[in-house]
Amino acid sequence: MRIHDLPTPCLVVDGPTFEANVATMSAHRPGRALRPHVKAFKATALARQLHTAGHDAFCCATPAEVVGMAAVGLGADLLLANEVLDVRRLHTMVASSLGSRITVAVDSVDSIAAASSAGVQEVLIDVEVGLPRCGCPVDDAGRLADEARAVGLEVRGVMGYEGHLMMETDDKAARVEAAMAGLLAAHAAVGGDVVSGGGTGTWDTNTWVTELQAGSYTLMDADYARLDSPFRPALDLLATVISVNRAKGWAVVDAGLKALATDHGPPTIDGATVWFCSDEHTTFAPADGGELPAVGDRITLRPGHVDPTVALHDRLHVLHGEEVVDTWDVDLRGWDVRRV
Ligand SMILES: Cc1ncc(COP(=O)(O)O)c(C=O)c1O
């Protein structure tokens, strides 16, 4: 199959760029020094490529992702790097993933109780390191570790995600160091072997964690591409020009808000200015007096944010040039956890 045979809108992955991104990260953080986050791409077939590159420990954001990874034999060491209070879902996750090693992030007595009553055996204490999201205060980490051990959980260490620093350009290394100083202080109180954190934006500045939780580096997006990093955008949305207004100078493709996420800004189109996205359309104009496309032309849009864009699609089509060489199901979507 060739790219022009694909129905639009659909996501396409440039195979060589993806492979180069994976190789660059694996050289920098080989094996267990990287715990790739599957929430960025939600496809076990892509995770399998990372396994082949030497990584057998993964982060997940939902019990459904954990179960999906375990079901395809990628369960050597899965971290549910998120607080989950739904005991029924956690229990189904544990029962469906026998033979897999599952660790769950906890940041309160409630999340500890949920993990414990669901039959989870291992946890990490999630510590707030500056991002106003999940994680306990640094000073509470030791107490929570004691609470977890008291109910029979094994505490493997700590995690702390410095998401507020991913796009930082001013004195990034010092800010990451300061954020991680809190995580290391928590680790001293908690114990265990694991200090987990970091992401694509701090891939080289976070030298403090034992394992980096990056995932977006595999496919990248228009937002992350603004950073000075060796990772190149590998993901595009293929669309068809369905209407051209030559009198007024704009064109419209068959892909809009239901095909890509705009929370990190609108998509970009090479040689054009994107005006706006609506439900099923994106309107754009050629930059600097360039040519308008013709109705029926295929063009690519680069999504602003990879994770929520991929979660809107069923498949990722892998390209080598114009050839579609593989199709990866986005099989880790949704929240339902089915017993397998
Ligand atoms: C807990 C956690 N760890 C790591 C990451 C890093 O992912 P990325 O590769 O997108 O920077 C994220 C992203 O949101 C996250 O939520």
Side-chain angles (χ1 to χ4, degrees), residues 18 21-22 24-26 28-29 32-43 46-47 50 53 55 57-63 65-66 69 77-84 103-107 111 123-136 156-169 172 175-176 179-180 182-183 186 194-206 208-235 261 263-265 303-311 332:
F18 162 76
N21 288 344
V22 171
T24 300
M25 186 65 97
S26 295
H28 183 68
R29 284 203 158 255
R32 293 247 170 139
L34 182 72
R35 185 186 280 278
H37 208 317
V38 307
K39 81 184 179 65
F41 46 81
K42 283 187 170 285
L46 194 160
L50 299 177
H55 311 290
F58 292 91
C59 280
C60 299
T62 64
E65 290 177 358
V66 171
M69 290 289 284
D77 189 348
L78 298 172
L79 168 62
L80 177 54
N82 202 6
E83 279 64 22
V84 176
T103 305
V104 174
V106 293
D107 70 355
S111 46
V123 294
L124 287 186
I125 305 300
D126 189 1
V127 181
E128 180 257 300
V129 292
L131 176 70
R133 214 174 65 177
C134 298
C136 68
R156 292 182 68 188
V158 293
M159 75 162 252
Y161 173 56
E162 73 283 21
H164 59 303
L165 299 176
M166 291 299 138
M167 299 304 293
E168 183 63 63
T169 50
K172 186 170 200 160
R175 288 176 191 215
V176 172
M180 290 300 108
L183 188 60
V194 178
V195 180
S196 196
T200 298
T202 57
W203 76 290
D204 56 347
T205 41
N206 194 331
W208 312 97
V209 290
T210 58
E211 51 177 49
L212 190 83
Q213 299 185 343
S216 300
Y217 76 97
T218 54
L219 299 175
M220 294 290 282
D221 54 35
D223 195 31
Y224 261 143
R226 295 191 288 121
L227 288 179
D228 181 20
S229 95
F231 306 112
R232 301 267 75 89
L235 182 78
D263 59 307
H264 286 185
H305 191 183
V306 54
D307 313 50
T309 296
V310 171
L332 299 175

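All ligand and atom numbering here is 1-based and tracks the order in the structure.
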So if I count the atoms of ligand 1 from 1 in the order they appear, which ones are less than 4.0 Å from some heavy atom of [X]?
X    : answer
G199 : 6 (C), 11 (O)
T200 : 8 (P), 9 (O), 11 (O)
R133 : 1 (C), 15 (C), 16 (O)

Legend entry - Within-cut-off N or O pair, K39 and ligand 1, under 3.5 Å: yes
Inset, instruction - Determine whether W208 and V195 make a side-chain contact, defined as any pair of heavy atoms from C-beta on separated by less than 4.5 Å. - result: no
Legend entry - Sub-4.0 Å heavy-atom approach of A105 to ligand 1: no
Legend entry - Test item, G215 contacting ligand 1 (heavy atom, 4.0 angstrom):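 Yes; G215 lies near enough to ligand 1 that a heavy-atom distance drops under 4.0 Å.
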Inset, instruction - For the pair W203 and F231, name the ring-plane relationship: parallel under 30°, tilted 30 to 60°, perpendicular over 60°. - result: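 Aromatic pair W203/F231 classed perpendicular.
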For [atom], the protein heavy atom that lies nearest, with its residue and separation:
atom                    : answer
atom 1 (C) of ligand 1  : Q213 OE1, 3.5 Å
atom 12 (C) of ligand 1 : Y161 CZ, 3.3 Å
atom 10 (O) of ligand 1 : S216 OG, 2.4 Å
atom 11 (O) of ligand 1 : Y224 OH, 2.6 Å

Inset, instruction - Give a yes or no on whether a salt bridge exists between E65 and K42, defined as a side-chain N under 4.0 angstrom from a carboxylate O. - result: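 Salt bridge present between E65 and K42.
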Legend entry - Pair D77 + R156, salt bridge at N-O below 4.0 Å: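 Salt bridge: yes.
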Inset, instruction - Would you tell me whether H305 and D263 have side-chain atoms, one donor and one acceptor, within less than 3.5 Å of each other? - result: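 Yes, D263 and H305 have a side-chain donor paired with an acceptor closer than 3.5 Å.
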Legend entry - Side-chain donor or acceptor of T202 paired with backbone N/O of T205 under 3.5 Å: no
Inset, instruction - Rounded to the nearest 0.5 Å, what's the gap from CD on Q213 to OH on Y161? Could you check? - result: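 That separation rounds to 8.5 Å.
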